[in-house]
Amino acid sequence: MNIEIMKKDTSKINPLENEAIYIIREVAAQFEKPVLLFSGGKDSITLVRLAQKAFYPAKIPFPLMHIDTGHNFPETIAFRDKLVKELGLELIVRNVQDSINAGKVKEESGKYASRNSLQTTTLLDAIEEFKFDACIGGARRDEEKARAKERVFSVRDDFGQWDEKNQRPELFDMLNGQIHLGQNVRVFPISNWTELDVWSYIERENIEIPSIYFAHTRATFLRDGLIWSSDDDVVYRDKDEVVEERVVRFRTVGDMSCTAAVLSEAADIASVVQEIRNSTISERGARIDDKRSEAAMEKRKQQGYF
Amino acid sequence: MERRLGRTMKVLKIATAGSVDDGKSTLIGRILYDTKSLSSDKLDAIKKTSQQRGYDYLDFSLATDGLVAEREQGITIDVAHIYFSTPTKSYIIADTPGHVEYTRNMVTGASTSQAAIILIDARKGVIEQTNRHFFINNLLRIKEVIVAINKMDLVDFSEAVYNKIKADFEALTKKRDYKEQHITFIPVSALKGDNVVHASENMPWYKGQTLLEHFEVLDTEDVYNAGTPRFPVQYVVRPKTEEFHDFRGYAGKVYGGDLSVGDDIVVLPSQTKSKIKEIFVYDESYQTASRRSSVTITLEDDINVSRGDMLVKADNLPTVDKQFTATISWMDSQSLVAGNKYVLQHGVNKVLAKVEIIHHKIHPDYSGIEKNIQALGMNDIASVSFKLNKPIFFDPFKSHRTNGSFILIDSQSNNTVGAGFIQ
Ligand SMILES: Nc1nc2c(ncn2[C@@H]2O[C@H](COP(=O)(O)OP(=O)(O)O)[C@@H](O)[C@H]2O)c(=O)[nH]1
């Protein structure tokens, strides 16, 4: 062994990674049926890497679950299936379309129709179906003011409701996962990460992500100052909204019908990180349904939205 | 596997304390604005709302005041987290409210922070609330405290006012328990931006650093109180695959100090001795597990270790006991009474605890103690003795912030009802 190896210590490891791994291990230890909610987006892909690290050389001891709006970018789905196969993980998919067909939710209509809020019902049904007691998610506190107060272990009642006035205090590193039958906990291991932290981590760890995060040419149109993909018929477009090819990328990969693109030349991870560093529009600025009302997120959370 | 070696990432968590209207939200908003951390859409929202309300300045407090419920009440009611970064550090601010009734939130916010800002309104000086804020930061052994004397613009940026407040605060620090705490005074105007990020032109008499400059030079390793290494086992990794057939790794976070390959260790509670064989983070092996890192450890001997056990160095054992006295911060509306039983969570270890004696209540404003206490109510701080059904392996909070603290869980409601600091 040479001197370099002799001296090698873990002090240079990202403290946010240490924290996230600790949280993920607490989930596996404290709960009987955890699941990792996987959207195919960069945050949940980061979570998968952190979970791999937490249990290596053992496999991740819980399944992934995707609540599929049916409005995904095809690249996201292809990426999801490849990742699951490579890592030998179990993937559960539940479809919003099934909830619509069953008459449990009603499709929104009009210009701003989206399936984002419909996901809630499908998610709650799936939690009940599998009796999941902990759902790991990639939400970050910096995304939205209402999320700033979310706990790392956030207890939801049988109806998936979040009561912001009655949250458990979280002290030091100690996480209290004790719950009643029927309750479940939403767990946010990357709570303390910012968008830039996630991107820097993806760069440093060489994590593969779907191609739509990188600059590409796409048929688009403009509405309300935002750029929309016109490739797919799930995005509603007025006849007078002109289609034009633009070089764009996406900063989030949610429901296609409410995820706007940004003009960007950033074709690789290093340029994306640089772009985020310089950018002044927050990530959610490109999500139309949050713009509808400042209190939108909070209301949806009280209804059990992730 | 190819990995880029980026620069080390440094994270600093800061708790804030101040009474209502001292300007806490404005200060945080100002920091975000001056470090260019506010996105253009957030800034637009602030401009719009400030205009709507008829202000002739930008109300930066809008950057932090979040929930609808609290906007209705016009006050911050819980711990909120705010993020910003500079080229050298990532900052997390735990914004905790300063009213008397929210001691609970302040303790919570302070427990995860290594630095704190105590805000004082220059027109009011050191008030009873200031005593509380300082008491809690000192009780929680926060190493770095900045006393920000705010609204200096309203006292003509007067050095005399600043000196008077500083002297009053220094008198207060004579009563503190944690003497090593490092205290820095900075005169600021959150509204105008003096000495927050940029140096003030209005206070040439102040030669010190601005608030941000001070945090920028803090050593993020050093702000953690060092102690002896403790490794509570979180999870036992048993792959049971062909390649790793006999692999048995102990996953957890190292606290207090470092552990290295070859160290002689003792497993508690079994007292079994062994040596550290390997240290892993993911697929990479390391010679040393530095404090606060999440690692997986394997041992030379095939012994039985499970979650809740603790690996410690053979030459430095913690106390192993079924009873102790602790300072308790009570956080529940249901009272703590002698004889009550709770689940006590110490790190990742859970035991049952019975309240033996409530010795006295401690007034968190340095006004003394109160004896003959029958019950503790929400926000009370007290000295309490416990008896456990099984021993735990602890250090006094004074010498180990992690291994000396615990939470109490009500087994009926499952809520976290109190925090404890072992004496
Ligand atoms: N003149 C002046 N006013 C300030 C300063 N800091 C805050 N304020 C004002 O004091 C009031 C309370 O501030 P706010 O940040 O909401 O206080 P909080 O309750 O501590 O969050 C607001 O009207 C602020 O504009 C300051 O440095 N100078």
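Residue numbers start from 1 in every chain, and the chains themselves are labelled A, B, ... in the order their sequence lines are given, proteins ahead of strands.
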Using the rule given for side chain to side chain contact (heavy atoms under 4.5 Å, CB included), can you reason through A/Lys8 versus B/Ser285, listing the C-alpha separation, both sets of side-chain angles and the distance that settles it, and then say yes or no? CA-CA 9 Å; A/Lys8 199 172 161 195; B/Ser285 61; 5.8 Å; no
Side chain, backbone, both or neither: which part of A/Gln30 has a heavy atom under 4.5 Å from chain B?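 Looking at A/Gln30, just its side chain touches chain B.
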Please state whether the side chain, the backbone, both or neither of A/Glu17 comes within less than 4.5 Å of a heavy atom of chain B. side chain
Might you work through the side chain to side chain contact (heavy atoms under 4.5 Å, CB included) test for B/Val343 and A/Gln178, ending with a clear yes or no? CA-CA 10 Å; B/Val343 174; A/Gln178 284 191 207; 3.7 Å; yes
Do any pairs count as a salt bridge (charged side-chain N to carboxylate O under 4.0 Å, His left out) and have a residue in residues 246-259 of chain B, sequence neighbours left out, and if so which ones?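 Qualifying pairs: A/Asp173-B/Lys253.
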For chain A, find which of B/Ser260, B/Ala251, B/Ala94 contributes the most heavy-atom pairs closer than 4.5 angstrom.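 Among B/Ser260, B/Ala251, B/Ala94, the one with the most close pairs to chain A is B/Ala251.
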Interface moiety of [X] toward chain A, non-hydrogen atoms closer than 4.5 Å:
X        : result
B/Val295 : both
B/Ser405 : both
B/Val107 : both
B/Lys350 : side chain
B/Leu43  : neither
B/Arg291 : neither

Would you check if the side chain of B/Gln345 reaches a backbone N or O of A/Leu175 as a donor-acceptor pair within less than 3.5 Å?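 Pair found, side chain donor or acceptor close to backbone of A/Leu175.
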Is there a donor-acceptor pair under 3.5 Å between the side chain of B/Asn414 and the backbone N or O of A/Ile179?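 Side chain of B/Asn414 to backbone of A/Ile179, a donor-acceptor pair under 3.5 Å: yes, one is there.
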Give a yes or no on whether [X] atom [atom1] has more than 12 heavy-atom contacts from other residues, nucleotides or ligands under 6.0 Å away.
X       : atom1 : result
B/Tyr33 : OH    : no
B/Gln52 : CD    : yes
A/Lys33 : NZ    : yes

Measuring from atom [atom1] of [X] to atom [atom2] of [Y], what distance do you get when rounded to the nearest 0.5 angstrom?
X        : Y        : atom1 : atom2 : result
A/Leu196 : B/Ser85  : CG    : OG    : 5.5 Å
A/Thr10  : B/Phe280 : OG1   : CZ    : 13.5 Å
A/Asn176 : B/Ile407 : CG    : CD1   : 5.0 Å
A/Arg168 : B/Ile409 : CZ    : CD1   : 7.5 Å
A/His180 : B/Ser413 : NE2   : OG    : 6.0 Å
A/Phe153 : B/Thr416 : CZ    : OG1   : 10.5 Å

Is there a side chain to side chain donor-acceptor pair (under 3.5 Å) between A/Tyr22 and B/Gln234 once you walk through the steps? CA-CA 8 Å; A/Tyr22 172 85; B/Gln234 255 191 296; 4.8 Å; no
Taking the six-membered ring where the residue is Trp, are the ring centres of A/Phe172 and B/Phe406 under 6.0 Å apart? no
Closest non-hydrogen contact found for B/Arg307 with A/Ala29 is NH1-CB, 3.2 Å
Salt bridge (charged side-chain N to carboxylate O under 4.0 Å, His left out) involving A/Arg25 - partner list, sequence neighbours excluded: none
Donor-acceptor pair between A/Asn192 and B/Tyr83 side chains, under 3.5 angstrom: yes
Go through the side-chain N and O atoms of A/Asn18 and B/Ser293 and say whether any donor and acceptor fall under 3.5 Å apart. no
Do B/Thr296 and A/Tyr56 make a side-chain contact, defined as non-hydrogen atoms from C-beta onward lying under 4.5 Å apart?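 Not touching, per the 4.5 Å side-chain cut-off.
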Tested for side-chain hydrogen bond (donor to acceptor under 3.5 Å, both in side chains) against B/Tyr282, the lone hit among A/Glu205, A/Lys53, A/Gln52 is A/Gln52
Verdict with supporting geometry, B/Thr112 and A/Leu171, side chain to side chain contact (heavy atoms under 4.5 Å, CB included): CA-CA 7 Å; B/Thr112 52; A/Leu171 293 119; over 6 Å; no
Is B/Arg292 salt-bridged to A/Glu19, going by a charged N under 4.0 Å from an acidic O?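 No, B/Arg292 and A/Glu19 are not salt-bridged.
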Most heavy-atom pairs under 4.5 angstrom with chain B, which of A/Pro15, A/Pro57, A/Pro169? A/Pro57
In terms of heavy-atom pairs under 4.5 Å with chain B, which of A/Lys59, A/Glu26, A/Gln183 leads? A/Glu26
